[in-house]
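Residue numbering restarts at 1 for every chain, and letters A, B, ... go by the order of the sequence lines.
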2 protein chains.
Amino acid sequence: MSGGRVKLSDVARDAGVSPATVSRAIAQPELLSAETLARVRASALRLGYLPDGAARALASGRSMTIGAIVPTLDSAIFARALQSMQATLAQSGYLLLVASHEASSAAETQAVRALLGRGVDGLMLVGAERAPETTALLKASGLPVVLTWCGDGHFTAVTIDNALAGRLAAEHLIGLGHRRIGMIAGHLQFNDRQRARLEGARGALSDAGLSLPDSLVVEQALTLAGGRAGCAMLLELDVPPTALIGGIDLFAIGCLEEAHARGMTVPDDLSVVGIDGLDMSAHVSPGLTTVHVPTGRIGNLAAQTLMAMIARQPVDRERLLPVELVVRRSSQRLAGS
Amino acid sequence: MSGGRVKLSDVARDAGVSPATVSRAIAQPELLSAETLARVRASALRLGYLPDGAARALASGRSMTIGAIVPTLDSAIFARALQSMQATLAQSGYLLLVASHEASSAAETQAVRALLGRGVDGLMLVGAERAPETTALLKASGLPVVLTWCGDGHFTAVTIDNALAGRLAAEHLIGLGHRRIGMIAGHLQFNDRQRARLEGARGALSDAGLSLPDSLVVEQALTLAGGRAGCAMLLELDVPPTALIGGIDLFAIGCLEEAHARGMTVPDDLSVVGIDGLDMSAHVSPGLTTVHVPTGRIGNLAAQTLMAMIARQPVDRERLLPVELVVRRSSQRLAGS
DNA sequence: ACGTTTGCTGAAAGCGCTTTCATCAGAAGA
DNA sequence: TCTTCTGATGAAAGCGCTTTCAGCAAACGT
């Protein structure tokens with residue numbers, strides 16, 4: 001069975017046509033007469049013919065494969081974006097080649113090189129910050145590239161306004177009378193999304209005549225445990241904040257847990273706001289106030305944009321998707337304000 | 001820049017050697033003299049040579065690519081497994097080509113065909129149940145295949161004992177005096193993991209002289225909202241169960257939320273046990289009692305097994321990983337038992 | 001009736017690499 | 001000194017497909 005895979009020439013012989021015709025039957029069926037096409041298809045089906053992707057890629061220069069490089073797959077955010085990307089691509093016969101770099105720009109460079117070598121037809125990356133070498137590699141390849149979450153004004157991008165997200169979270173809390181607001185952010189190194197969210201929050205506070213001093217900002221690993229730890233640190237300050245912003249929802253949920261574990265009540269004793277809008281955030285208790293980010297849509301649009309670029313259709317240089325504050329129970333007016 | 005990518009023959013010319021030598025410098029450097037190797041490497045580096053994966057794949061028959069087909073990427077479970085797979089593979093220069101089938105066996109067949117066509121060197125699949133056509137395709141390809149979570153005694157597998165997981169959850173509750181236990185399971189169609197977990201729980205109850213009637217089992221979509229809905233249905237029965245088993249942790253967490261929303265206290269009014277052992281489960285309140293599944297390890301081992309099979313090394317036909325009950329606060333002895 | 005299109009198919013030249021197989025020094029053995 | 005290895009390299013034949021470029025009918029125009 002496995003001895004001698006069926007190849008295009010076998011189908012050609014079986015159908016009594018030339019290899020060229022079989023090739024056309026696959027890629028450009030409209031060029032063939034109905035009769036020939038039917039005959040070739042019948043032969044292909046009968047023999048169980050499966051085109052060899054490597055050979056097709058080599059001969060045609062297109063691999064029908066898109067590469068995606070994310071910080072990690074093990075994140076609800078990127079997992080969802082990739083899932084919708086993959087689903088969108090699959091409808092057009094594209095496959096997704098994924099790599100992760102775990103917040104290392106060197107690893108990202110290596111991943112780009114690996115994917116470029118594998119002949120992807122397009123590439124999706126997260127964020128705008130990267131090693132100059134990586135950018136050079138990307139540019140030199142001439143391949144369609146789409147940046148997500150953050151754009152750099154250089155490559156095509158599907159983005160959200162991370163700074164606005166941070167700002168919305170902060171403004172919401174300021175509007176509720178909070179004056180002392182803390183923030184838990186992801187490690188800012190090689191993570192422009194978190195930096196922008198932090199700066200957005202800082203800007204909102206500053207505009208309100210307040211401030212977000214470094215003492216009220218803690219950097220944590222992007223996990224729920226990180227959120228708990230960050231919350232603990234902030235609550236143990238001499239003058240703890242009355243409200244907390246999580247750079248990602250996971251942090252905010254960690255705050256909910258940590259506050260609960262300390263016998264505090266959210267939102268009575270502490271207001272908490274997240275950024276992301278995870279499904280889960282609607283279901284924790286109290287329901288998490290968060291800045292919703294259309295994560296699935298980002299993946300979906302990245303896929304569509306990439307396919308359009310491959311087809312040499314014009315695309316928006318940068319597609320900015322809206323973020324939106326969703327108020328739930330975890331935030332409330334500061335008592336006595 | 002992008003005009004005319006550097007190819008192997010360019011490097012050969014630049015280094016003053018034959019193409020064969022350059023090829024060897026990449027794949028079997030030990031065959032070359034140190035001097036030649038250095039010269040070739042210098043040329044390759046200077047010219048920025050990047051081997052063409054499609055050409056290599058075509059000529060060598062190996063693509064250095066592994067395929068993975070999961071129900072969805074948008075799940076903490078599969079995302080984690082894929083992340084650890086990808087990380088493991090990347091260390092050996094392999095890339096991961098992913099596809100999802102959203103619980104459709106037809107979509108799985110299509111994905112297998114697509115990946116096979118793309119010339120993957122090995123394939124990871126979830127579960128043992130699939131269309132006969134898919135199995136035939138897999139067998140005919142002669143490719144290394146590793147099944148995960150469930151094995152079928154046919155293909156190599158990295159599994160857990162899903163029935164045992166269900167059993168452990170149920171036995172724990174039985175041991176706490178619960179007699180009326182409900183279960184929320186994922187849709188059982190094309191999901192042998194959920195079926196096995198349900199049957200395991202049923203077996204434990206039956207062994208204890210109890211039963212798990214269909215009226216106490218609800219099927220839900222594998223989301224937190226599904227868990228809440230399932231919990232609501234069960235709690236609204238005339239004689240509601242005193243304890244609930246979630247076929248996945250997400251269900252159990254949904255139960256926690258739903259119970260809370262109804263003013264019930266877990267575990268005083270309802271005991272809840274999950275299966276999976278999500279990170280999150282340790283942090284919700286009350287902490288979720290769950291049967292821990294080594295999800296990351298599954299991905300890791302699947303990758304290692306696949307690479308071993310590709311290298312024609314002997315591998316265990318089925319590697320059964322242990323599951324373990326982790327008791328936290330969400331379950332307690334039934335009052336008055 | 002004859003030059004033109006038009007529609008369909010075939011021949012053949014690669015795509016960029018790997019991999020026998022052959023070659024040829026120089027080292028080793030007799 | 002002459003053969004026999006051994007180690008390093010090159011020549012060349014593909015891997016399985018796509019894609020010009022031609023060719024050849026049949027249909028068209030005048």
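Listed by chain and residue number, nothing satisfies the salt bridge (Lys or Arg N to Asp or Glu O under 4.0 Å) test with D192(B) (two or more places apart in sequence, or in another chain).
With values rounded to the nearest 0.5 angstrom, E108(A) atom CD is found 11.5 Å from Q110(A) atom CD.
Rounded to an integer number of Å, the gap from CZ of R5(A) to P of dC15(D) is 14 Å. Distance CG (L32(B)) to C1' (dG10(D)): 12 Å, rounded to an integer number of Å. Across the protein-nucleic acid pair, L8(A) atom CG and dC15(D) atom C1' stand 13 Å apart, rounded to whole Å. Between the C1' atom of dA8(D) and the CG atom of L31(B) lies a distance of 9 Å, rounded to the nearest Å. For D52(A) and dC17(D), the CG to P distance is 6 Å, given to the nearest whole Å. dG16(C) atom C1' lies 15 Å from atom CZ of R118(A), rounded to whole Å. Between Y49(A) atom OH and dC17(D) atom C1' there is a gap of 7 Å when expressed in whole angstrom units. Between the NZ atom of K7(B) and the P atom of dT18(C) there is a distance of 14 Å, rounded to whole Å.
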What's touching nucleotides 26-28 of chain D from the protein side, N or O pairs under 3.5 Å?
none

Nucleotide N/O to protein N/O under 3.5 Å, stretch nucleotides 10-14 of chain C:
unit_1: dG10(C); atom_1: OP2; unit_2: S18(A); atom_2: N; d: 2.9
unit_1: dG10(C); atom_1: OP2; unit_2: S18(A); atom_2: OG; d: 3.1
unit_1: dG10(C); atom_1: OP2; unit_2: T21(A); atom_2: OG1; d: 2.5
unit_1: dG10(C); atom_1: N7; unit_2: R24(A); atom_2: NH2; d: 2.6
unit_1: dG10(C); atom_1: O6; unit_2: R24(A); atom_2: NH1; d: 3.3
unit_1: dG10(C); atom_1: O6; unit_2: R24(A); atom_2: NH2; d: 3.2

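Residue pairs meeting the ring-ring contact (aromatic ring centres under 6.0 Å, His included) criterion with at least one partner in residues 17-63 of chain A, sequence neighbours excluded, are absent. Listed by first then second residue, pairs satisfying ring-ring contact (aromatic ring centres under 6.0 Å, His included) with a partner in residues 111-149 of chain B read F78(B)-W149(B), not counting sequence neighbours.
The side-chain heavy atoms of C150(B) and R195(B), taken from C-beta on, include no pair separated by under 4.5 Å.
The R56(A) side chain lies nearest to dT18(D) when the options are dT18(D), dT19(C), dC15(D). Listed nucleotides: dC17(C), dA8(D), dC17(D). Nearest to the side chain of S33(B): dA8(D).
Remark: side-chain polar atoms of S23(B) are not paired, donor with acceptor, to backbone N or O of P19(B) under 3.5 angstrom. Although no hydrogens or angles enter the test, the distance criterion places no donor-acceptor pair under 3.5 Å between the side chain of R319(A) and the main chain of T156(A).
Residue contacts for S23(A): at a heavy-atom cut-off of 4.0 Å it reaches a base atom on one of the strands shown.
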Would you give me the side-chain donor-acceptor pairs under 3.5 Å for residues 88-100 of chain A, sequence neighbours excluded?
unit_1: T88(A); atom_1: OG1; unit_2: S84(A); atom_2: O; d: 2.7
unit_1: T88(A); atom_1: OG1; unit_2: N300(A); atom_2: ND2; d: 3.2
unit_1: S100(A); atom_1: OG; unit_2: Q83(B); atom_2: OE1; d: 3.3
unit_1: S100(A); atom_1: OG; unit_2: Q83(B); atom_2: NE2; d: 3.2
unit_1: S100(A); atom_1: OG; unit_2: Q86(B); atom_2: OE1; d: 2.8

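A residue-by-residue look at L37(B) and P51(A) shows that L37(B) has its nearest nucleotide of DNA chain D further toward the 5' end.
Remark: Q313(A) CD is packed, more than 12 non-hydrogen atoms of other residues, nucleotides or ligands lying under 6.0 Å away.
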